[in-house]
Amino acid sequence: MKISKNAQKAIYIGTLCSVSYLAVYFARNILGAVTPQMIESGEFTTEYIGRVSSLYFIFYAVGQLINGAIGDKIKARYMISFGLFLAGISNLTFSHFASDPDIAKYAYGMTGFFLSMIYGPMTKVVAENTEPIYATRCSLGYTFASFFGSPLAGVVAGLLVWQSVFTLSSVFLFIMAGMCFTFFLLFEKRGIIKYGKYVPQKLKEGGIKILIEHRIIKFTFISILTGIIRTTVVFWLPTYISQYLNFAPDEASFIFTAATFIISLTAFIAVFVYEKLKRNMDLTILIMFSLSSVFFLLVFFIKAPLFNIIFLVLAIMANNSAASMLWSRYCPSLRDTGMVSGATGFLDFVSYMAASASSTIFADAVSVIGWGNLILVWMGLMILGVIVALPYGGIKKLFKFNKEI
């Protein structure tokens, strides 16, 4: 079967972006994967790791806001390749100075800032250089890569000591930085990637008003709620398995790997459900928040480790399916505004600021209310998601299928 020129462009761009984003999420999931190892060594505490991760999320969030706006003006080739390279340097710095709290915290924070240079420009390139239907498919590819980064980090954490895991991650980042610069340059020369096709709306021309008309406020709340679960809960998953379910650190690492590998399939499940619902994004999000609420309730009541983990994984997958609609469907749909990178960066900013706050709160809450009651907090967040997802125009509006890509 002959592949169209537009489809070929999407494959080239989507593949490069997906592999690059795998490097990003491999790097950013390492700390969570090796946390049981670090705590078992006796040199680090749960509270310390919580504060390091919280600072990372703050730097990443602020970076998304800044770099997202810059990404609307600077070529993705520079933003992505330099972001990956500098994140590799920061990663190495953290692993070598982890015992020095001041250096380590800010080194890991800068890793987050540099990694924030990738997503906004990447989404802009995809949205502006592929047809809408292919933009959704490309976004699906690197959304899958983001979920797959967790099990990859878990596998490596189970095989190597934690310092070596950080070193390997940095090498991966360096390699991908070189590949991105080279292939983006090649794609630009061949006309596969072009810039400046959509001019950003100036604020005085109603740029913010246009985004509001595109329901940016609603999706800001969705970004916050899904971000806490997909980022913070997954980050603490190995520790939850180790402390609450009483598994040894190496067993927790293996379970985390298996669980997050299954979670990595979420993007494909989300798009499958989306297609079955006749491409109704709002209904898909509402259903997924509802399912996540139910699964978290089952996690609270069912203590048997096997079923507890199964329902926790299902709860995270349902939440991540709602997130997939945000990143794979909503963000690329903003291409006509010319503000894809800036809007995506803003949504990522609020997502990770919420993750930053919740990471510290969750770490402190464990010793106060325990893991069991914390599960109810997670369920409450998903119930809020259901409320946010409900249409203001009533149930009839919800079931009015939107067939836009």
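Of the possible polar contacts, none joining the Thr266 side chain to the Asn320 backbone as a donor-acceptor pair under 3.5 Å is found. The backbone N or O of Thr226 lies less than 3.5 Å from a partner atom in the side chain of Asn319, making a donor-acceptor pair. Side chain of Ser242 to main chain of Pro238: no donor-acceptor pair is present (N/O by atom type, distance under 3.5 Å, no hydrogens or angles). Formation of a donor-acceptor pair under 3.5 Å by the Ser351 side chain with backbone atoms of Leu347 is not found in this model. Under the 3.5 Å distance criterion, the side-chain polar atoms of Thr231 are left unmatched by any main-chain donor or acceptor of Ile228. Judged by distance alone, the side chain of Ser164 and the main-chain N or O of Leu160 form no donor-acceptor pair under 3.5 Å. Between the Ser292 side chain and the Ala318 main chain, no donor and acceptor come within less than 3.5 Å of each other.
For the pair Tyr106 and Leu55, the minimum side-chain heavy-atom distance is below 4.5 Å. No side-chain heavy atom of Phe272 sits less than 4.5 Å from a side-chain heavy atom of Leu277. The side-chain heavy atoms of Asn129 and Lys194, taken from C-beta on, include a pair separated by under 4.5 Å. Using a 4.5 Å heavy-atom cutoff, the side chains of Val350 and Phe221 are not in contact. Within the 4.5 Å cutoff, no side-chain heavy atoms of Met79 are placed close to those of Ile118. Proximity of Phe166 to Val34: side-chain heavy atoms (C-beta onward) are separated by under 4.5 Å at one or more points. The shortest distance between side-chain heavy atoms of Ile287 and Val273 does not fall below 4.5 Å. Side-chain atoms of Ile80 and Met117, non-hydrogen and from C-beta on, never get closer than 4.5 Å to each other.
Each salt bridge (charged side-chain N to carboxylate O under 4.0 Å, His left out) pair with one or both residues in residues 338-355, not counting sequence neighbours, appears once here: Arg230-Asp348. Contacts classified as side chain to side chain donor-acceptor pair (under 3.5 Å) and involving residues 80-96 (residues at least two apart or in different chains) are given here: Asn91-Ser169. Counting only residues at least two apart or in different chains, ring-ring contact (aromatic ring centres under 6.0 Å, His included) contacts with residues 61-93 comprise Phe85-Phe174. Sequence neighbours left out, not one pair with a member in residues 167-178 passes salt bridge (charged side-chain N to carboxylate O under 4.0 Å, His left out).
Between Thr15 and Ile11, the shortest heavy-atom contact is OG1-O, 2.7 Å. When all heavy atoms of Arg28 and Tyr56 are compared, the pair lying nearest together is CB-OH, 3.0 Å. Summarising the geometry of Phe172 relative to Val19, their closest heavy-atom pair is CZ-O, 4.5 Å, with the distance given to 0.1 Å. Smallest separation of non-hydrogen atoms from Gly14 and Ser18: O-OG, 2.7 Å. The two residues Leu173 and Ala23 make their nearest non-hydrogen contact at CD2-O, 3.7 Å. Nearest heavy-atom pair across Phe256 and Ala33 is CE2-CB, 4.0 Å.
To the nearest 0.5 Å, atom CE of residue Met325 and atom SG of residue Cys331 are 11.5 Å apart. Atoms OG1 and NZ, from Thr284 and Lys276 in turn, are 13.0 Å apart once rounded to the nearest 0.5 Å. Here the CG-CG distance, from Asn308 to Leu245, works out to 5.0 Å after rounding to the nearest 0.5 Å. Here the CZ-CG distance, from Phe114 to Leu86, works out to 4.5 Å after rounding to the nearest 0.5 Å. Here the CD1 atom belonging to Ile316 is positioned 4.0 Å from the CD1 atom belonging to Ile263, to the nearest 0.5 angstrom. Atom CG of Leu237 sits about 7.5 Å away from atom OG1 of Thr260, to the nearest 0.5 Å.
Aromatic rings of Tyr25 and Tyr21 (six-membered ring for Trp) have centroids within the 6.0 Å cut-off, being under it. Taking the six-membered ring where the residue is Trp, the centroids of Phe59 and Phe113 are separated by 6.0 Å or more.
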With a 3.5 Å cut-off and sequence neighbours excluded, list the donor-acceptor pairs that the side chains of residues 176-186 form with protein atoms.
residue, atom, partner, partner atom, Å
Thr182, OG1, Gly178, O, 2.9

Would you be so kind as to tabulate the donor-acceptor pairs closer than 3.5 Å made by side chains of residues 295-306, with sequence neighbours excluded?
residue, atom, partner, partner atom, Å
Lys303, NZ, Tyr244, OH, 3.1
Lys303, NZ, Phe300, O, 2.8

May I have the list of side-chain donor-acceptor pairs in residues 369-383 shorter than 3.5 Å, sequence neighbours left out?
residue, atom, partner, partner atom, Å
Trp371, NE1, Gln243, OE1, 3.3
Asn373, ND2, Ile369, O, 3.0

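Residues that satisfy the side chain to side chain donor-acceptor pair (under 3.5 Å) test with Arg77, not counting sequence neighbours, are Glu188. For Ala258, the side-chain contact (heavy atoms from CB on, under 4.5 Å) criterion is met by no residue, not counting sequence neighbours. With sequence neighbours left out, Thr239 forms a side chain to side chain donor-acceptor pair (under 3.5 Å) with no residue at all. For the side chain to side chain donor-acceptor pair (under 3.5 Å) test, no residue two or more places apart in sequence or in another chain qualifies with Thr35. Residues passing the side chain to side chain donor-acceptor pair (under 3.5 Å) test with Tyr48, sequence neighbours excluded: none.
Remark: the Tyr274 side chain and the Arg329 side chain contain an N/O donor-acceptor pair separated by less than 3.5 Å. For the residue pair Tyr60 and Gln64, a side-chain donor N or O sits within less than 3.5 Å of a side-chain acceptor on the partner.
Relative ring orientation between Trp162 and Phe44 is described as perpendicular, the plane-to-plane angle rising above 60° on a 0-90° scale split at 30° and 60°. By the 30° and 60° cut-offs, the orientation of the rings of Trp327 relative to Tyr119 is perpendicular.
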Query raised in the report: Stepwise, does the side-chain contact (heavy atoms from CB on, under 4.5 Å) test hold for Phe254 with Val155?
Result: CA-CA 7 Å; Phe254 174 78; Val155 169; over 6 Å; no

Query - Step-by-step side-chain contact (heavy atoms from CB on, under 4.5 Å) determination, Asn280 to Lys278 - result: CA-CA 6 Å; Asn280 188 325; Lys278 300 180 182 179; 5.7 Å; no

Query raised in the report: Can you check side-chain contact (heavy atoms from CB on, under 4.5 Å) on Phe261 and Thr257, steps first, answer last?
Result: CA-CA 6 Å; Phe261 175 77; Thr257 301; 5.6 Å; no

Query raised in the report: Yes or no on side-chain contact (heavy atoms from CB on, under 4.5 Å) for Val233 and Phe362, after CA distance, side-chain angles and deciding distance?
Result: CA-CA 9 Å; Val233 174; Phe362 291 172; 4.3 Å; yes

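Salt-bridge check for Asp282 with Lys218: passed, with a basic side-chain N closer than 4.0 Å to an acidic carboxylate O.
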